[in-house]
Each structure stands twice: as structure tokens, then as C-alpha cells.
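The first residue of the sequence shown is numbered 1, and numbering continues consecutively from there. Start at 1 and go down the list; that is how both ligands and their atoms are numbered.
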Amino acid sequence: MKGLFITFEGLDGSGKTTQIALLSDYLKRKGLEVITAIEPGGTALGDKIRHMLLDRENAGMSHKAETFLFEASRAELVSKVIGPALGRGKIIICDRFFDSTIVYQGIARGLGVEKIMELSLWATDGIVPDLTFLLSVDVDGGEERLSGSSKSRDRIESEEDKFKQSIYEGYLELSRKYSDRIILVDGKQDIKKIFGQIKERIDRELDKL
Ligand code: TYD
């Protein structure tokens, strides 16, 4: 069997972890071999890079350094885990992949979509997910808070909302551009309903293998 590479994308708190667990269980119950991974991380080196990226002490990291660290973690994950697993016909489910870098660094940080795409394809040796589920939730209560108390929020809080809003919009833009690969799922629906939509799409994909 040809391998299948599935990724999940969305804002923090969009429910990716829950849906990945449900999908992994579902596929395993069908007797399929499933490997799950998380970005950044998923390898010994990648876990160290993840620590560097999430460490608050590195808060002032330059946007380009941040980008290269995400790509370095990804290159290691592809060469050590994803590439070999696909070669053995396995199913890989990854929590985030290069669409995150396109949206977070390329769009929200302003480094440019084309540049990030080029770097990402170089890091992955051209490996692109077969299917990407975008769990879309808008910026949590953002509009409500903005309308009421915009003056009382500090610089960082407003930056955060702006940053998240551009991520939300960036993801939507990406899902329109790559509509054959990226499946937009309304992440505000209940867990079962969301999984029903994912399952239906996955079943169709499995029939093709
Ligand atoms: P994590 O704790 O894994 O968050 P989540 O559960 O939402 O995936 O932290 C990863 C953070 O890194 C998350 O805020 C998204 C961000 N990120 C990027 O900015 N660029 C990337 O390429 C990736 C993979 C993640």
C-alpha cells in the first residue's frame, strides 16, 4: 500500500489534539499502521529545537532565526520519521506541518509566503501532505473584547489579537489556494460532528489507496 500523509492545522486551541487522537484510533481499529508526530519536535533533535522555540527566555528571537528552527525541526522529522514511514506504506498524522510556517512566519510575521514555501519544500525534499484538515476557529471572543475594552488592553494583548487574526485569515486564504489538499472544517462544531466530517473524507481517501 502507498503511504498516506495527513496533517492537521489551526490556531492554538482549535481541537487538533482531540481529532488526531480520534482519527488515529479509528485507523488503528481498521488494522492500519499509524504514526503520529508533532511539530516542532518528533525526533531527538527536534525536541531540543522545540524547547528552544517555546522557551520564554528566547522571546526576542529574530523572525528569521525562528523560521530556520522550525524548518530544521521539520527537515529532521522528514528525514528520520516521515520519509521512511511513507516509504514503508504507513499512515502518518502530523500535528502541524509547513502550512503553519507559511501562515505564522510567512503571513503573520510578514516574511513572505513564497519564500517560506521555497524553504519548506527544500526542508522536506518536496514532500507535501496528501490531505490537510484545517480546524477553523476564529480568534477566541476577539470581536467581543475588541468592541468593549480596546483601550484597557496593553500593547502585547492587542498585538496578540492582531497576530491571531492574521493567522486565522491566513489559514483561510491558504485553504482557498490549495482547496484540493486543504479541507476546511468548522472547528466550532461539536467534537463528534467534526470527526464525522474528517472520517468521511478519510474513508474516501483510503478507497483510493
Ligand atoms: P504547541 O505548543 O505545539 O501549540 P499547538 O498545540 O497549538 O500546536 O506550540 C507550537 C507553536 O508554534 C504554535 O503556537 C504554532 C507555532 N508554530 C509556528 O509559528 N510555526 C511553525 O512552523 C509551527 C510548526 C508552529
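Listed by number with element, the atoms of ligand 1 under 4.0 angstrom from any heavy atom of Lys16 are 5 (P), 6 (O), 7 (O), 8 (O). When each atom of ligand 1 is checked for a heavy atom of Arg74 under 4.0 Å away, the hits are 22 (O), 24 (C). Taking every heavy atom of Thr101 and a limit of under 4.0 angstrom, the matching atoms of ligand 1 come to 21 (C), 22 (O). Residue-ligand proximity, Asp12 to ligand 1, at heavy-atom distances under 4.0 Å covers atoms 7 (O), 13 (C), 14 (O).
Protein heavy atom closest to atom 11 (C) of ligand 1, with residue, atom name and distance, is Leu54 CD2, 4.2 Å. If you check which protein heavy atom lies closest to atom 25 (C) of ligand 1, you get Phe70 CE2, 3.4 Å.
Remark: the Ser120 side chain and the Glu71 side chain contain an N/O donor-acceptor pair separated by less than 3.5 Å. Checked by atom type, the side-chain pair Thr7/Thr132 shows a donor-acceptor distance below 3.5 Å.
The pair Glu160-Lys164 fails the salt-bridge criterion, with no side-chain N (NZ, NE, NH1 or NH2) lying under 4.0 Å from an Asp/Glu carboxylate O. Between Asp130 and Lys208 there is no salt bridge, since none of the side-chain N atoms of the basic residue sits less than 4.0 Å from a carboxylate O of the acidic one. Salt-bridge formation is not detected for the pair Lys177/Glu173: no Lys NZ or Arg NE/NH1/NH2 atom is positioned less than 4.0 Å from an Asp or Glu carboxylate oxygen.
For atom 1 (P) of ligand 1, the candidate residues are Arg96, Lys164, Arg50; the nearest heavy-atom contact is made by Arg50.
For the pair Arg29 and Tyr26, the cation-pi criterion (under 6.0 Å, within 45° of the ring axis) is not fulfilled.
Only the side chain of Gln105 comes within contact range of ligand 1, with a heavy atom under 4.0 Å; no backbone atom does.
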